[in-house]
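Basis for what follows: all heavy atoms, side chains included, without hydrogens, waters or symmetry-related copies. Counting begins at 1 with the first residue of the sequence.
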Amino acid sequence: QGLLELHGVGTITTLNLGPRAKLDASNLRTGVTITNCTAEEGATILDPNGLITWTNAIDLGNGNLKNFNFDFGDGRNVKPS
């Protein structure tokens, strides 16, 4: 639970998002890399400008994609694994 707003460059090695957590990169102007991310149902990721580079797939555990709120921006590719 909580809000994490990204504003600068760098790398997040491990990010764990609980069921009401929100990662907001809406105001990000430069790229950020997230290496490993685990998210629980109900988590929100907002990256409308597509500036986050995901090194590995986001681990949704046993969650169903329809129970997450993701905005990765236009023209992005998503690879289920």
As an exercise, state the distance from [atom1] of [X] to [atom2] of [Y], rounded to the nearest 0.5 Å.
| X | Y | atom1 | atom2 | result |
| --- | --- | --- | --- | --- |
| Ile58 | Phe70 | CD1 | CZ | 5.0 Å |
| Ile45 | Asp71 | CD1 | CG | 10.5 Å |
| Leu60 | Leu17 | CG | CG | 10.5 Å |
| Glu41 | Asn69 | CD | CG | 13.0 Å |
| Leu15 | Ile52 | CG | CD1 | 8.5 Å |
| Asn36 | Asn56 | CG | CG | 5.0 Å |

Closest non-hydrogen atom pair, Trp54 against Arg76: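 Taking every non-hydrogen atom into account, CD1-NH2, 3.9 Å.
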
Can you name the closest pair of heavy atoms from Thr13 and Thr35 and give their distance?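 Result for this residue pair: O-CB, 3.3 Å.
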
Given the rule that I, L, V, M, F, W and Y join up when any side-chain heavy atoms are under 4.5 Å apart, are Ile34 and Leu4 in one cluster?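 Yes, Ile34 and Leu4 fall within the same hydrophobic cluster.
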
Any donor-acceptor pair under 3.5 Å linking the side chain of Asp47 with the backbone of Asp24?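 Absent.
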
May I ask you to check whether over 12 heavy atoms, not counting those of Asp74, lie within 6.0 Å of atom CG?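 Incorrect, the count does not exceed 12.
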
Does atom CZ of Arg20 have more than 12 heavy-atom neighbours from other groups under 6.0 Å away?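 Not more than 12 within 6.0 Å, no.
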
Please determine which of Leu46, Leu6, Asn49 meets the side chain to side chain contact (heavy atoms under 4.5 Å, CB included) test together with Ser26.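 When Leu46, Leu6, Asn49 are each tested with Ser26, the side chain to side chain contact (heavy atoms under 4.5 Å, CB included) holds only for Leu46.
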
